[in-house]
Amino acid sequence: VENVRLLDRLSSRKAALGTLYLTATHVIFVENVSETRKETWVLHSQISSIEKQATTATGCPLLIRCKNFQVIQLVIPQERDCHDVYISLIRLTRPVKYEELYCFSFNPKLDKEEREQGWKLVDLNEEYNRMGIPNNYWQISDVNRDYGVCDSYPTEVYVPKSATAHIIVGSSKFRSRRRFPALSYYCKDNNASICRSSQPLSGFSARCLEDEQMLQAIRKANPGSDFIYVVDTRPKLNAMANRAAGKGYENEDNYSNIKFQFIGIENIHVMRNSLQKMLEVCELKSPSMSDFLWGLENSGWLKHIKAIMDAGIFIAKAVAEEGVSVLVHCSDGWDRTAQVCSVASLLLDPYYRTMKGFMVLIEKDWVSFGHKFNHRYGNLDGDPKEISPVIDQFIECIWQLMEQFPCAFEFNERFLIHIQHHIYSCQFGNFLCNSQKERRELKIHERTYSLWAHLWKNRADYLNPLYRSDHSQTQGTLHPQMAPCNFLYKFWSGMYNRFEKGLHPRQSVTDYLMAVKEETQQLEEELEVLGERLANLQKSQLNGTKVKSKQQDRSKQSGLSTSSNSLANTPQEYSNDLKSFPSRSPSQGDEDDSALILTQDNLKSSDPDLSANSDQESGVEDLSCRSPSGGGCLPSEDSGKDSDEAVYLA
Amino acid sequence: MEFAELIKTPRADNVVLHQPLSQALEGTLCLTGHHLIFSSRRRDNAEELWLLHSNIDSIEKRFVGSLGTIIIKCKDLRIIQLDIPGMEECLNIANSIEALSTLDSVTLMYPFFYRPMFEIVEDGWRSFLPEQEFGPLSLMTTEWRLSYVNKEFSVCPSYPPVVVVPESVNDEELRKVAMFRQGGRFPVLSYYHTKNKMVIMRSSQPLTGTNGKRCREDEKLINATLRHGTRGYIIDTRSLNIAQQARAKGGGFEQEVHYPLWRRIHKCIERFNILQESLIKLVEACNDQSHNMDRWLSKLEASNWLTHVKETLTTACLVAQCIDREATSVLVHGTEGTDSTLQVTSLAQIILDPRCRTVRGFESLVTREWLQAGHPFQQRCAQSAYSNSKQKWEAPVFLLFLDCVWQILRQFPCSFEFNEQFLIMLFEHAYASQFGTFLGNNENERSKLKLPQKTMSLWSWVNSSEELKKFLNPLFEANSLVIWPSVAPQSLLLWEGVFLRWNRPSKHLEEAQKETVRIINVNKELQVKVNALRRQLAELETNG
């Protein structure tokens with residue numbers, strides 16, 4: 001479709017004219033400007049909603065919202081074209097079969113061997129070995145081979161040595177969806193562990209001997225402690241309501257030596273609505289500070305993030321400080337349980353704060369334990385009520401921690417953002433389906449590529465320059481501040497306003513420091529080369545022979561390439577009042593005064609948004625249409641009368 | 001008066017000190033004329049706390065049995081608690097602190113007694129003299145001149161003796177204009193944009209009154225700043241409504257009919273008690289330990305502090321945009337021209353002028369646009385967020401300005417020569433200091449107090465190389481361009497370094513700072529080494 005206009009969400013004045021293409025996998029918008037031909041690519045799988053708005057004189061507006069929080073506003077001249085695009089997109093963005101997804105057609109030109117190597121990058125057996133398992137207390141169980149006991153669990157599950165197959169099967173029958181207690185994390189320093197399961201089918205009074213034995217076995221696997229915590233991550237009210245349906249929570253009287261604890265994290269529906277509300281705030285056209293803060297509070301989003309963090313902190317504390325094992329569950333044990341176990345693991349173990357370790361963590365607590373990626377992130381067309389930003393919240397928890405512990409993580413914010421992007425993109429096979437069983441049936445490993453290999457290949461882009469493996473923050477358990485430090489939790493504009501580059505700091509400290517470090521490395525190499533040459537020269541001069549030295553300066557000083565990744569900086573619309581001033585039009589394109597400065601480099605090779613949006617003049621925004629003063633337009637010519645009050649009040 | 005009269009109990013033992021984020025300490029408390037000193041002599045390490053009485057914003061006392069407790073709230077927003085055994089001692093100490101922290105006479109303040117322990121390389125009182133600052137401008141243009149019309153402070157008591165005005169307007173005319181502007185604050189040059197010769201001027205409101213009085217000299221003065229065929233903007237920092245109301249009290253604004261070459265824009269920047277209340281609410285929210293997440297955000301919102309930041313910054317950006325993008329000159333004023341006007345003109349300069357983003361440039365900016373321009377520091381900073389008394393002159397105008405600078409610094413972390421600590425230090429010294437820089441309300445008062453002769457300048461201390469090190473931004477790379485900050489709510493954050501300084505653990509953030517410095521230092525050292533080797537090599541090659 002030609003002559004389509006791509007509107008800038010923040011400024012009505014800036015719109016790009018171009019051509020819209022629909023392919024089997026992408027929506028592509030190419031600008032008409034001949035030198036740049038700027039392209040905007042959007043994967044169909046990223047699109048969360050398409051909205052056709054009322055036709056105006058200029059054309060038919062189409063609003064596309066994406067799961068990575070990009071919002072694209074198009075105006076298509078012909079109503080009929082718009083309708084066609086709309087209908088096609090509706091179909092294209094709601095695939096019904098896995099085979100329609102991008103990862104089955106995505107080909108990064110790697111051979112078979114490289115692909116296999118890629119899938120081997122993260123190996124969970126290796127991970128449990130790293131934790132020190134199997135050992136005297138824990139062993140691998142094959143009870144779930146062929147997914148006979150629990151179809152949403154992996155085939156290889158780690159359980160206490162004293163838990164026999166009989167106990168496991170018995171316990172599984174007493175748990176929702178047969179998700180019996182299994183090991184998530186083991187702390188080899190003090191034998192304390194984190195186990196996970198679903199809720200027990202206790203109803204008001206039901207008991208299960210095997211389940212009680214199972215919990216007993218977990219306690220015995222930690223000889224240093226005489227009880228275990230059972231953490232139910234639901235609000236107490238929700239858990240009680242479940243009892244009426246024959247489910248519920250553990251009765252302390254029936255289980256010997258447990259301490260039961262509720263930590264209220266709301267369910268997926270509350271979270272979905274909360275995100276929705278927050279995104280509405282992010283989308284406000286020019287919100288006042290009050291609109292924004294009030295909307296943020298009203299969404300409850302940060303409160304939920306804090307609840308997840310608090311649960312993680314509680315568990316990490318129990319394991320690290322008290323040396324007590326913890327069993328975590330919610331209802332089915334695949335959403336809140338995954339969040340809380342992985343946050344706790346990451347607080348406890350510095351390995352998970354490295355790039356590789358973080359991949360392992362997601363693979364362990366999310367992918368292998370049957371987090372329902374397909375349902376939660378709507379990869380295939382499905383029940384919209386199943387969709388919820390569960391892993392988004394986990395990723396945000398990590399960002400909140402990065403803000404508090406800037407030196408503790410090997411990776412940077414970009415790493416998190418790109419993982420979030422690919423959870424929805426379906427470009428790689430890692431997050432397809434709802435369980436390991438389904439993925440194996442689809443032969444994901446043979447037919448698609450692994451995200452982890454892709455990220456690993458580009459790891460230089462994801463490094464946190466402040467990370468040093470010998471730094472104090474990288475050692476041991478992280479101790480974030482607990483309540484009441486609410487102010488530690490902040491809105492993550494880098495994620496939720498990710499595509500509004502103008503809102504972000506214009507100079508990136510991370511990129512700056514990375515450039516410095518790179519230069520340092522080059523200097524070190526040069527130092528060595530120079531040292532050698534000097535030594536040779538001195539030697540040869542001693543020998544009295546003239547050596548023709550190569551004058552070429554091999555290692556020309558690299559310098560910080562500040563201009564290579566620069567972003568033009570222009571003023572925003574600080575006031576409407578300037579618009580109609582009869583002077584000259586604002587010189588927005590002036591090359592000479594656009595600030596060339598280090599900024600977040602959005603053209604990194606690894607960036608999934610490579611083509612998404614390289615806005616050269618971000619940051620132009622309508623600011624004053626809400627401002628209490630002077631919002632009115634000035635007359636274009638000077639009236640010369642003393643009627644200015646009325647005009648300004650308009 | 002002898003301070004000793006005010007100190008009945010100069011010393012108390014077995015006092016327990018509670019400070020934010022650290023464990024309680026037992027030690028000895030001493031009171032001197034200007035300080036409260038607490039020292040704990042534990043075997044492992046002795047800790048001392050020196051607190052200026054003038055830093056104390058308010059104190060509360062409580063008694064449980066014979067154990068007295070004094071809670072001291074400081075102007076730098078810290079709260080400390082002292083448990084003092086003995087009712088009488090405690091009462092005496094509380095009374096002394098109360099008296100010593102609210103001394104009436106400026107000349108009893110610590111700066112008049114302070115003797116510096118550092119070597120003075122440069123007298124800060126003479127670092128930023130107007131003549132000196134005008135030098136570079138006089139080389140570029142002959143359109144502006146220095147005027148000494150106010151050398152006796154008789155034309156405008158809150159202006160400095162020397163101001164910069166258009167060449168074509170003589171002193172006699174300036175006197176007439178002064179009569180037409182509130183407090184005699186006639187329009188003067190604030191900033192000259194070298195790139196396109198546009199200027200920012202500032203003044204107070206014109207005294208038009210209800211019947212629209214005019215003043216030809218005033219019109220001539222501001223028109224003299226326009227180039228042929230161009231127009232200018234008048235940014236009034238009050239809402240139109242307030243500006244109109246001001247006419248009833250003899251004030252007002254420039255009527256279009258008399259100033260046809262100027263367009264007026266009203267932007268509302270709050271001042272006085274509204275700002276003060278906003279600060280009080282904000283600090284209350286930051287100190288409240290009891291509430292949950294939701295209440296934190298709504299309290300932050302209700303304080304309106306960030307709204308003030310946004311409005312102030314937006315107006316400054318608008319001025320900068322007029323100058324740099326629209327190529328028009330600007331006159332800024334509110335009512336008195338001593339508060340919001342100065343915020344706007346100084347922030348606009350930070351956006352426009354790379355020099356203002358250096359340490360010296362910023363010091364010069366504070367000197368020119370705040371101290372010499374007559375921002376009444378003594379009145380505004382007499383009390384901070386814990387004041388109970390509702391005096392009407394206090395307002396955190398300067399703090400709000402520093403907050404806005406911090407917001408820009410955060411968005412352009414590599415474009416400033418100074419760091420956040422520098423801004424925090426200025427905040428502290430504006431409220432309580434051993435230096436005389438922020439005493440008095442204007443140059444007139446300062447010269448009467450003989451501050452340059454009797455006290456030390458803050459700049460003498462800051463600019464000593466030992467101190468300066470702490471305030472340098474390791475990421476600084478000179479950026480000669482205009483920097484346009486974002487003023488969207490998502491881009492403006494709470495300034496934690498000030499408002500959560502005493503509530504937020506900062507160890508990890510400081511470590512990150514140190515690591516940053518280390519990375520950059522390693523790089524610099526290597527550069528030096530490589531350069532030395534290169535030179536050596538080159539020499540050998542040419543010799544050999």
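By convention in this document, chain letters (A, B, ...) are assigned in the order of the sequence lines, proteins followed by strands, and residues within each chain are numbered from 1.
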Exercise for the section: Indicate the atoms forming the closest heavy-atom contact of B/Ile519 with A/Pro465, along with that distance. Expected result: CD1-O, 3.3 Å

Exercise for the section: Output the option from A/Pro406, A/Gly531, A/Ser472 having the highest count of non-hydrogen pairs under 4.5 Å with chain B. Expected result: A/Pro406

Problem - A/Glu297 side chain vs B/Ser298 backbone, donor-acceptor pair below 3.5 Å - result: yes

Practice task
Drop me the distance from A/Arg506's CZ to B/Ser415's OG, to the nearest 0.5 angstrom.
Solution key: 11.0 Å

Practice task
Select one option (side chain, backbone, both, neither) describing which atoms of B/Asn304 are under 4.5 Å from chain A's heavy atoms.
Solution key: side chain

Problem - Reported CD-to-OG distance for the pair B/Glu301 and A/Ser288, which is rounded to 0.5 angstrom - result: 8.0 Å

Handout entry: Student check: side-chain heavy atoms of A/Val516 and B/Val522 closer than 4.5 Å
Key = no

Problem - Under 4.5 Å from any heavy atom of chain B - which part of A/Gln521 - result: neither

Practice task
Taking all heavy atoms of B/Gln490 and all of A/Phe292, pick out the closest pair and write down the distance.
Solution key: CG-CE1, 3.6 Å

Fill in the blank from the handout: Rounding to 0.5 Å, atoms CZ (B/Arg534) and CG (A/Leu530) come to a distance of 6.5 Å

Practice task
Please answer whether the main-chain N or O of B/Asn523 pairs with a side-chain N or O of A/Glu519 as donor and acceptor at a distance below 3.5 Å.
Solution key: no

Completion exercise
So, the part of B/Leu500 with a heavy atom under 4.5 Å from chain A: the answer is side chain

Fill in the blank from the handout: In short, A/Leu466 meets B/Ala512 closest at the heavy-atom pair CD2-O, 3.8 Å

Practice task
Could you look at B/Glu496 and say if it's the side chain, the backbone, both or neither that has a heavy atom under 4.5 Å from chain A?
Solution key: side chain

Problem - A/Glu528, CD atom: more than 12 neighbouring heavy atoms under 6.0 Å - result: no

Practice task
Would you mind reporting whether B/Leu533 and A/Leu527 have side-chain heavy atoms less than 4.5 Å apart?
Solution key: yes

Handout entry: Pairwise side-chain contact, A/Tyr512 with B/Thr516, heavy-atom cut-off 4.5 Å (strictly under)
Key = no

Practice task
Please state whether the rings of A/Phe487 and B/Trp296 are parallel, tilted or perpendicular, taking 30° and 60° as the class boundaries.
Solution key: perpendicular

Handout entry: Residue among B/Pro413, B/Ser480, B/Ala243 with most heavy-atom pairs under 4.5 Å to chain A
Key = B/Pro413

Exercise for the section: Measure the OH-CG distance between A/Tyr489 and B/Leu297 for me, rounded to the nearest 0.5 Å. Expected result: 13.0 Å

Problem - Atom CH2 of B/Trp502: over 12 foreign heavy atoms under 6.0 Å - result: yes

Fill in the blank from the handout: The interface call for A/Ser493 against chain B, heavy-atom contacts under 4.5 Å, is side chain

Problem - Residue pair B/Gln536 / A/Gln538, side-chain heavy-atom distance below 4.5 Å - result: yes

Problem - B/Arg410 and A/Pro505, any side-chain heavy atoms less than 4.5 Å apart - result: yes

Problem - B/Cys414 backbone acceptor or donor facing A/Gln507 side chain under 3.5 Å - result: yes

Exercise for the section: Please report the closest heavy-atom contact between A/Pro287 and B/Pro489, naming both atoms and the distance. Expected result: O-CG, 3.3 Å

Problem - Side chain to side chain, B/Arg518 and A/Arg468, heavy atoms closer than 4.5 Å - result: yes

Problem - Straight-line distance of A/Leu401 CG to B/His508 NE2, nearest 0.5 Å - result: 10.5 Å

Handout entry: B/Leu494 side, atom CG; A/Leu293 side, atom CG - distance, nearest 0.5 Å
Key = 10.0 Å

